[in-house]
Amino acid sequence: MKPEPSARRSRLPLSLRRGAVPWDRQRPTWRDARPGVIAEALKRAQARPSGNWYVVGASAALRGDRPLARTIAGREVVVWRGADGRLLAGPGVCPHLGAPLADSPVRCGTLVCHWHGLTLDGAPFGGWDPLPAFDDGVLVWVRLDEVGGEEPLDAPVVPVRPHPARGVTAVYEGTGVCEPEDVVANRLDPWHGAWFHPYSFVDLTVVGSPGEPDADDRFTVDVSFKVAGRLVVPVRAVFTAPEPRTVVMHITEGEGVGSVVETHATPLGPDERGRPRTAVTEAVVAASDRPGFGFVRRAAPLLRPAMRVAAARLWRDDLAYAERRWQLRSTGRFPG
Ligand code: FES
Ligand SMILES: [Fe+2]
């Protein structure tokens, strides 16, 4: 059987782009990017169960003598490791006089309040009740049943990822003035890639979307990542929303098959002007079967900052999109 062009690519991971089309001469995608398709995909994502789990941060940030802390939907939470390595979590407000436990140190697995020395070992104490927490190896989650209001699940809906031994992980975090749905809607619009991020993507074609008859609930995209100059990496990427606040991009063909980029949106609560704030946690788990990838993995500590810089540039623009979407929605000016 003749291999698909994209299958052939996987053995030739880098390509030199010929006959590059200038940015303003590429095919407009707005006719394909039908607002209704994005809105319906968002609605289906929102209808999926999350089990009330929210991303707190990167697992790698859990080390050390400080708890991992975040305010989720206005609730301060702290997560740390007990002496036996078990994950412990609870409200970030000291039950004595309300000190911010985010600023309290962890000593031998016990959280020691820095105001008057009250110690928490993860067991209920004086009105402080522990919360369920989960470390999936890349991200730490906490379950907030009163915030989510869904049927609780024992564990979060964690996307399928490459085996940790085969992957290089980087986690990027940003914050925007918007709601989680604005972050998700941005990711469910794959058509903006080569127009809005020409520094990263070229030759983008959405080859499958849920708007088409009999299509699965996924967006399939052929796109080239720009490496340097005319050097590009052509891949096929599939976007899905496994739960209401997560969109996952799986590389299914081309260099780095199996790699994932997960975008998680966590509602933080209102800012001082009453506007909603949302944290974006983007986990990149890059995989490769290429022989050189062992070296790449050993070089991971060097690579991670670079991966974060790339994600930060994309996210600056994508957050602007999400914030703009919220602004328009909240003032009744969103088209359609
Ligand atoms: S406020 Fe924490 S011990 Fe007093
Ligand atoms: Fe984007």
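Starting from 1, each residue takes its place in the sequence as its number. What you see is a predicted model, and the numbers here were worked out from it, not measured in a lab. Note that ligands are numbered from 1 as they come in the structure, with each ligand's atoms numbered from 1 the same way.
The Fe ion (ligand 2) lies at 2.8 Å or more from every N, O or S atom belonging to D189. Residue H114: no N/O/S atom is found under 2.8 Å from atom 2 (Fe) of ligand 1.
Without hydrogens or angle criteria, W191 side chain to V206 main chain gives no donor-acceptor distance under 3.5 Å. Judged by distance alone, the side chain of R70 and the main-chain N or O of V55 form a donor-acceptor pair under 3.5 Å.
Using cut-offs of 30° and 60° on the angle between ring planes, the pair F196 and Y321 is tilted.
If you number the atoms of ligand 1 from 1 as listed, the ones under 4.0 Å from a heavy atom of W115 come out as 1 (S). Numbered from 1 in the order shown, with element, the atoms of ligand 1 that lie under 4.0 Å from a heavy atom of L118 read 3 (S). Distances below 4.0 Å separate heavy atoms of C94 from the following atoms of ligand 1: 1 (S), 2 (Fe), 3 (S). Set against the non-hydrogen atoms of C113, the atoms of ligand 1 under 4.0 Å away are 1 (S), 2 (Fe), 3 (S).
Heavy-atom contacts from other residues, nucleotides or ligands closer than 6.0 Å to CZ of R86 number 12 or fewer.
The closest approach of H96 to atom 4 (Fe) of ligand 1, by N/O/S atoms, is made by ND1. Counting just the N/O/S atoms of H116, the one with the shortest distance to atom 4 (Fe) of ligand 1 is named ND1.
Under 4.0 Å from ligand 1, heavy atoms of A99 appear from its side chain as well as its backbone.
Side-chain contact check for S200 and R313: no donor-acceptor pair (N or O, by modelled atom type) lies under 3.5 Å. Side chains of T278 and E179: a donor-acceptor N/O pair is absent below 3.5 angstrom, by distance only.
Between H192 atom NE2 and D318 atom OD1, the angle centred on the Fe ion (ligand 2) amounts to 90° (nearest 10°).
No side-chain heavy atom of L188 sits under 4.5 Å from any side-chain heavy atom of R44.
No single ILVMFWY cluster, assembled from side-chain heavy atoms under 4.5 Å apart, contains both L101 and V77.
Nearest protein heavy-atom neighbour of atom 1 (S) of ligand 1: L97 N, 3.3 Å.
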